[in-house]
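Computed from a prediction, not measured in an experiment: that's the story for all the values here. Just so you know, ligand 1 is whichever comes first in the structure, and atom 1 is the first atom listed for that ligand. All values below come from the heavy atoms of this structure, side chains included, with hydrogens, waters and symmetry mates left out. For the single chain, residues carry numbers from 1 onward in sequence order.
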Amino acid sequence: MWGTKRFLVAFQAVSSTLVANAQLTLPNTTFLPPNISTGAQPSSGGSPNPKWSSLLGNLLYFYDEQRSGTLPSTNRVPWRNDSLIDEGRDQGMDLSGGYYDAGDYSKFTFPLSFALMSICWGATDFGKGYDLANQTAYLDATLRWGLDWLIKAHPDDNTLVVMIEAQHDNYWGGDRSIPSPRPVYKITAAQPGTDAAAGAAAAFAACSNLYANRAFAHTSFNAPASLKNESYADTLLSHGKSLYSFAVNATGGRKTYQTSVPQVESAYGSSAYGDELSMAALFLAFATNQQSYYQDAETDYTKYDLAHNNRVFNWDSKTPGVAVLFSQVLQANSGLGGNFSTWQQKAEDYFDNILNNGEYTDDGLLYYDGDSDDASLNPALNVAMLMERFAPIASSRDKTSSYTSFAKRQIDYVLGKNSMNVPYIVGLNPNSPRNPHSAMASGGFDVGKIDTDPVNEAYVLYGAVVGGPDKRGRFFDIRSDWSQTEVALDYNAPMLTLAASHVITESSDPFYITLQAGAYDKVKPQGHPCDAVFRDGCNGGNLGKNVIIAMAVILTVVGLVVLGLSVWYILLLKRSRQEKMA
Ligand SMILES: *[C@@H]1O[C@H](CO)[C@@H](O)[C@H](O)[C@H]1NC(C)=O
Ligand SMILES: *[C@@H]1O[C@H](CO)[C@@H](O)[C@H](O)[C@H]1NC(C)=O
Ligand SMILES: *[C@@H]1O[C@H](CO)[C@@H](O)[C@H](O)[C@H]1NC(C)=O
Ligand SMILES: *[C@@H]1O[C@H](CO)[C@@H](O)[C@H](O)[C@H]1NC(C)=O
Ligand SMILES: *[C@@H]1O[C@H](CO)[C@@H](O)[C@H](O)[C@H]1NC(C)=O
Ligand SMILES: *[C@@H]1O[C@H](CO)[C@@H](O)[C@H](O)[C@H]1NC(C)=O
Ligand SMILES: *[C@@H]1O[C@H](CO)[C@@H](O)[C@H](O)[C@H]1NC(C)=O
């Protein structure tokens with residue numbers, strides 16, 4: 001019964017120093033997610049606001065829940081067990097550890113790299129929020145759990161493991177019987193993947209900046225979270241440089257990684273690699289102060305026509321963030337040779353286009369047809385995060401304030417100011433989702449009965465940001481509907497950065513505090529969703545623009561046919577009358 005013992009250890013760990021291999025010492029009082037009912041109780045406010053602080057804590061706690069490998073003595077999640085501790089051994093590698101990507105047990109390097117890059121970048125700009133909330137030691141532990149695995153996945157200059165696949169037999173169950181050994185897929189000199197290598201390089205370089213305490217500009221941004229460790233920063237930087245060279249100069253040429261590893265295509269195929277190259281080069285330029293990296297970043301932006309591939313910011317598509325990062329890097333270091341206002345202008349063009357032409361669900365979530373049909377919150381949160389960061393270096397006060405208020409509206413939406421009264425983070429408030437698509441939290445062992453067995457999920461997956469509502473703003477909380485209820489490493493990343501920022505700036509409680517138990521049940525939708533999983537709920541309600549255009553075309557065609565037939569009939573009548581008269 002050591003599962004029970006672990007439970008006690010986690011909850012009694014209030015007086016030990018809990019030093020784990022070289023990480024920052026965790027706080028004397030272990031942070032655990034507060035009782036859900038406290039998510040509907042106002043605080044007495046103040047700065048830092050305790051509710052924003054615990055929100056940040058919950059969001060980080062999610063990564064503890066997703067851990068793979070041998071859990072440390074400081075494990076805070078009582079229901080998690082060691083898992084797959086021999087991962088990779090059959091291939092002669094040590095690939096134990098790291099994180100499960102989402103609701104099943106796969107490990108994916110490409111989205112992991114994006115999430116780590118995003119978290120490190122955010123903790124560089126809004127690090128004071130982690131410090132004020134006493135979350136910096138947990139941030140350190142979270143980052144190292146990912147980065148130390150990424151280091152193992154990069155055993156030599158020209159090898160990077162890109163996927164360890166959950167078995168094909170659709171395993172849905174707990175963490176003690178995950179089928180193994182599992183297939184390991186990697187890119188190599190002859191079979192490279194420019195995007196995956198450059199994406200990992202960007203993560204290493206961004207996190208190296210954080211661990212080196214290299215702030216962008218003290219006037220506009222706060223100091224990085226205080227977890228400085230120069231030797232770790234150096235280790236990360238050397239992996240970043242090596243992976244960048246691999247991306248740029250692999251003997252097999254430049255190509256998307258699914259060209260070499262087709263097995264990744266269905267889950268995380270990449271649309272292009274120019275954005276990852278440019279972003280990696282920029283983070284490296286900032287880390288090393290070398291103009292050659294900076295020149296590469298500008299050259300790639302033009303060469304790969306990134307200006308015209310500028311829609312969402314996510315694990316696949318980084319261009320909107322590239323213009324923001326150019327602005328930050330040049331503002332902090334004009335010696336690199338670029339023109340700050342050129343990049344500031346590009347970032348503002350992107351943001352202003354969203355403010356002027358963005359499309360929304362009826363209840364106000366920024367919505368991209370197609371990109372938002374699955375996990376709708378993610379594109380909106382990523383835009384909000386970029387705007388929040390860029391706002392202080394915008395070219396006018398008006399822009400600063402419109403970017404900040406746009407970000408705030410999207411944050412409020414995610415925290416429950418929506419037509420469903422649902423804060424889209426598990427375990428935060430009585431109205432939070434209860435059926436996240438997560439094999440390990442569900443407690444079920446039969447994928448065929450995923451929605452009903454068990455009726456209530458066995459464990460609360462505290463802190464997990466779920467996919468989000470459908471395009472009509474409706475949320476159904478169905479376990480099998482991965483489009484709305486799945487969780488993932490990259491879904492939490494932008495919310496972490498936004499929460500850290502609000503710990504610094506906001507003394508009033510986050511929106512969800514106003515939502516009392518039962519608020520969702522009162523407005524819970526009937527029928528079925530309209531999203532990437534369910535199509536039956538797509539009829540009725542507000543029709544998408546494409547549907548309206550299609551219907552207009554059909555009506556026009558039908559109208560023309562009717563008109564044509566009428567004319568023909570009249571002519572026919574006339575002719576027969578003339579014939580009769582003749
Ligand atoms: C810095 O990190 C390295 C690598 O993890 C570790 O060996 C070292 O003890 C850390 N130094 C401090 C002062 O924490
Ligand atoms: C935490 O515990 C350590 C060792 O028991 C002690 O030295 C330190 O003062 C404590 N810190 C706080 C803030 O209580
Ligand atoms: C959470 O709080 C509620 C209401 O105060 C209480 O009934 C419940 O037992 C608490 N749950 C836990 C796990 O402490
Ligand atoms: C952080 O820790 C300090 C020292 O233990 C404490 O005074 C403060 O209230 C804590 N802040 C939060 C938000 O937990
Ligand atoms: C971890 O192990 C305990 C007891 O052995 C079990 O009850 C629990 O469900 C396991 N957790 C998961 C996520 O499978
Ligand atoms: C790529 O190879 C060229 C030619 O050997 C070399 O000059 C350049 O520095 C390499 N680029 C990187 C990023 O390693
Ligand atoms: C930077 O670009 C702006 C236009 O975006 C231009 O007005 C300005 O002269 C340029 N500055 C330098 C130093 O080239």
Using a 4.0 Å cut-off to any heavy atom of Y244, which atoms of ligand 6 qualify?
13 (C)
What is the closest protein heavy atom to atom 9 (O) of ligand 7, and at what distance does it sit?
N339 ND2, 4.8 Å
For S245, counting its heavy atoms only, list the atoms of ligand 6 lying under 4.0 Å from any of them.
12 (C), 13 (C), 14 (O)
State whether any protein heavy atom lies less than 4.0 Å from atom 13 (C) of ligand 6.
yes
Do you see a protein non-hydrogen atom under 4.0 Å from atom 5 (O) of ligand 6?
no
Selected option - heavy-atom contact closest to atom 7 (O) of ligand 5, from Y459, F445, W79:
Y459
Please find out if less than 6.0 Å separates the ring center of F286 from that of F216.
yes
Just checking, is any N or O donor in the side chain of D175 or S83 under 3.5 Å from an acceptor N or O on the other one?
no
Considering non-hydrogen atoms of the protein only, which is the closest contact for atom 8 (C) of ligand 6, and what is the distance?
N249 ND2, 3.7 Å
Is the terminal nitrogen or CZ of R76 (NZ for Lys, CZ for Arg) located under 6.0 angstrom from the six-membered ring centre of Y138 and within 45° of that ring's axis?
yes
Please report whether the ring centroid of F108 lies less than 6.0 Å from that of Y268.
yes
Any N or O on N81 sitting closer than 3.5 Å to an N or O of ligand 5?
yes
Is there a side-chain contact between Q344 and K399 (heavy atoms, below 4.5 Å)?
no
Taking the six-membered ring for Trp, is the centroid-to-centroid distance between F204 and Y211 below 6.0 Å?
no
Is the number of heavy atoms from other residues, nucleotides or ligands under 6.0 Å of R434 CZ greater than 12?
no
Run the numbers for me: atoms of ligand 5, each under 4.0 Å from some heavy atom of G174, listed by number.
14 (O)
With the threshold set strictly below 4.0 angstrom, can you tell me whether any protein non-hydrogen atom sits that near atom 2 (O) of ligand 7?
yes
